[in-house]
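Taking it in order: structure first as structure tokens, then the write-up.
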There are 2 protein chains.
Amino acid sequence: MDKFECIKLFNQIARLGSFTATANELNMSQGAVSKKIAWLENSLGFTLFHRTSRKVSLTSAGKQYLKQCHELIEKITITEQRLKNELSQVVGELKISAPSAFATQRLAIPIRDFINLNPKVSINVSVNDKQVNLYNDDIDIAIRASNLKDSGLKAKKLLDHELCYFASPDYLKQNGTPISHKEIAHYHCITYSLSNPSNVWYFNKEKYTVREIFSSDSPEMIVNMAILGLGIAAMPKWMVQKHIDKNELIEVFENVEKHSLPMYAVYKNEDYLPFRIRAFIDFLASYFESEKLK
Amino acid sequence: MDKFECIKLFNQIARLGSFTATANELNMSQGAVSKKIAWLENSLGFTLFHRTSRKVSLTSAGKQYLKQCHELIEKITITEQRLKNELSQVVGELKISAPSAFATQRLAIPIRDFINLNPKVSINVSVNDKQVNLYNDDIDIAIRASNLKDSGLKAKKLLDHELCYFASPDYLKQNGTPISHKEIAHYHCITYSLSNPSNVWYFNKEKYTVREIFSSDSPEMIVNMAILGLGIAAMPKWMVQKHIDKNELIEVFENVEKHSLPMYAVYKNEDYLPFRIRAFIDFLASYFESEKLK
DNA sequence: CATACACATTCCCAATTGGAATACCAATAA
DNA sequence: TTATTGGTATTCCAATTGGGAATGTGTATG
């Protein structure tokens with residue numbers, strides 16, 4: 001027996017004052033109504049209705065219970081409705097995790113635009129260069145360079161960055177600036193350990209196995225090591241542009257078709273995805289898509 | 001599927017973080033737990049848990065739903081408990097209907113004593129000489145002279161009043177004061193229409209069919225008509241004592257064994273009778289019992 | 001007194017439920 | 001990589017439950 005149904009039935013009957021009328025209104029047999037109320041009364045341990053041969057009326061306990069149930073049904077229904085609306089409306093809080101450079105340099109504008117378009121959503125960005133656990137840290141969407149599939153996660157590719165290769169002025173002064181990418185083997189390379197394999201770089205679609213002097217899963221760390229003159233590293237240009245501008249880093253292999261680094265929006269796989277998540281991912285994807293065309 | 005059970009299950013799981021642990025704790029199979037939650041999620045239309053291979057965690061919707069459910073389940077449980085307690089404790093409001101004379105002259109003291117003994121009960125007395133409908137007027141206990149069984153009512157006899165016969169001084173002056181009850185046939189009689197039959201009076205256990213000049217279902221009305229000199233009437237002594245004292249009425253047939261008028265406490269028949277009702281009726285019955293012995 | 005009306009109960013069949021076993025999936029260990 | 005483990009989902013079947021129709025019971029009504 002569904003207690004909820006019984007309680008709704010109880011409400012109806014209290015309103016209509018009759019089992020039969022309620023049964024008709026709800027298209028069920030009168031016997032079923034009688035049985036359900038009997039079950040409810042029995043499971044509660046007190047009587048809800050006085051029965052006379054002509055009508056039913058609430059007992060004093062029934063009256064008080066009715067009041068409480070009324071509130072119960074109303075509140076729970078409202079909550080269920082609201083939560084269900086999240087599946088079709090962009091409302092609620094959206095928690096995003098993104099690497100620091102990407103967050104500050106690529107995410108600010110689309111987030112602003114998204115919020116302006118969807119004023120009922122609120123966004124919280126957690127800047128974190130480590131790979132967060134979406135479940136433990138309660139994150140809706142993580143932006144990642146690697147499409148490493150965690151348990152039950154889904155990923156949507158947002159963009160492909162052509163990589164920019166760079167080293168510090170000091171390093172190039174000491175080791176000479178390479179003219180062609182084919183000289184790569186003569187240089188120390190700083191690699192991203194999450195690339196697989198990390199020590200294989202592509203130029204003009206050709207594989208080059210490089211001398212891996214240092215590797216890390218942290219882009220920031222890689223950039224820092226390059227600035228310190230450890231060797232040649234590769235990262236998306238937006239991540240190091242400011243260092244190039246300040247002459248802390250110098251770009252090399254400018255005129256070669258390089259390997260690209262994809263960025264993904266990773267999110268939990270659930271049967272009913274809150275619409276704010278779907279909407280934000282789609283918005284981001286189309287934002288970067290249109291940006292690429294410019 | 002009982003939504004209530006499912007919600008309680010949902011609470012448990014949220015607390016324990018595991019379907020299996022919950023199943024063990026509640027002595028049910030893990031499959032059943034899985035099915036119930038699946039049913040609940042499906043009927044709600046949104047996902048409550050993220051499932052990973054090692055544990056389950058609440059979705060954002062799940063978290064909000066949990067909070068709401070927690071609060072509401074708690075409230076309804078408390079209400080159910082409180083209402084159930086009314087079956088074993090003397091608490092709540094007790095609505096009593098009683099005829100005016102009986103209320104003021106016989107009920108005041110036992111009610112005071114009952115309240116002193118049971119401070120958590122509150123009593124409301126509705127004074128009404130007409131026969132009220134316990135269902136329509138929302139009365140718990142009605143005090144009545146007649147054991148007229150209404151629909152589904154129960155009755156407990158509280159006491160037997162020996163009747164007192166009386167007439168106005170004027171009436172007796174005009175018609176002569178009867179010496180013996182055997183003269184009753186010569187007098188006009190005022191009868192209580194709810195007695196059955198109303199025109200048969202008993203003296204020393206003998207039947208006398210009387211001349212019924214007026215009858216009413218209202219004791220007050222009967223007393224008034226007697227005062228106005230219409231004839232001889234019969235009522236419990238406590239009802240007319242004050243008129244006798246003021247010489248508005250004079251008692252007759254003092255030394256005969258007379259018919260008695262029973263008084264009943266009438267109450268609704270319900271499966272689980274709130275204890276305050278049972279307690280008050282029992283208290284009244286034993287009060288009048290002990291009074292009789294004095 | 002017969003009738004009508006309303007709730008309770010019974011009987012029976014279809015639908016649902018729950019348990020046990022199994023499938024499945026991901027994290028961990030080897 | 002592979003095997004193992006710890007967890008949820010699914011499947012299958014027996015048992016229970018639930019609902020409808022008919023019937024029973026009790027009470028107003030005319």
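Just so it is clear: chains get the letters A, B, ... in the order the sequence lines come, proteins before strands, and each one is counted from 1. Keep in mind the model is a prediction, meaning the values are calculated, not measured.
- For A:Met28, counting side-chain heavy atoms from C-beta on, the closest listed nucleotide (D:dG20, C:dT17, C:dC7) is D:dG20.
- Counted by atom type alone, B:Thr191 and B:Glu212 present one or more donor-acceptor pairs between their side chains at under 3.5 Å.
- Look at CG on A:Asn24: it is 14 Å from C1' on D:dG20, rounded to the nearest Å.
- In this structure, B:Asn42 places its CG atom 12 Å from P of C:dT17, rounding to the nearest Å.
- Inspection of the A:Arg276 and B:Ser60 side chains reveals an N or O donor paired with an N or O acceptor under 3.5 Å.
- Side-chain N/O atoms of B:Arg54 and base N/O atoms of D:dG7 include no donor-acceptor pair closer than 3.5 Å.
- A:Glu270 and A:Tyr272 form no side-chain donor-acceptor contact under 3.5 Å, judged by distance and modelled atom types alone.
- Rounded to whole Å, the distance from CH2 on B:Trp39 to C1' on D:dT8 is 20 Å.
- Minimum interatomic distance between B:Leu273 and B:Lys268 (heavy atoms only, all atoms of both residues): CD1-O, 3.9 Å.
- What separates CG of A:Leu26 from P of D:dG19 is a distance of 12 Å, to the nearest Å.
- Atom CG in A:Asp271 sits roughly 9 Å away from atom P in D:dT10 (whole-Å rounding).
- Nucleotide D:dG26 holds its P atom 16 Å from the CG atom of B:Leu153, rounded to whole Å.
- If you check every strand for non-hydrogen atoms under 4.0 Å, B:Lys35 touches a base.
- Within 3.5 Å, a donor on the side chain of A:Gln30 pairs with an acceptor on the base of C:dA8, or the reverse.
- At a threshold of 4.0 angstrom between heavy atoms, the contacts of A:Thr20 are confined to the sugar-phosphate backbone, with no base atom among them.
- Taking for each of A:Ala32 and B:Gly31 the nucleotide of DNA chain D with the nearest heavy atom, the 5'-most of the two is the partner of B:Gly31.
- A straight line from CG of A:Leu9 to P of D:dG18 spans 14 Å, rounded to a whole angstrom.
- Using a 4.0 Å heavy-atom distance criterion, A:Val56 is classed as a sugar-phosphate-only contact.
- Residue-to-nucleotide contacts include no donor-acceptor pair under 3.5 Å from the side chain of A:Lys36 to the base of D:dG19.
- The side chain of B:Arg51 contributes an N or O atom lying less than 4.0 Å from OP1 or OP2 of D:dA9.
- Across every non-hydrogen atom of A:Phe275 and A:Gln89, the tightest pair is CB-O, 3.6 Å.
- For D:dG20, one of the phosphate oxygens OP1 or OP2 lies less than 4.0 angstrom from a side-chain nitrogen or oxygen of A:Ser29.
- Phosphate proximity of C:dA6 to A:Ser53: absent, as no side-chain N or O sits under 4.0 Å from OP1 or OP2.
- Per the geometry, NE2 belonging to A:His50 stands 15 Å off P belonging to C:dC7, to the nearest Å.
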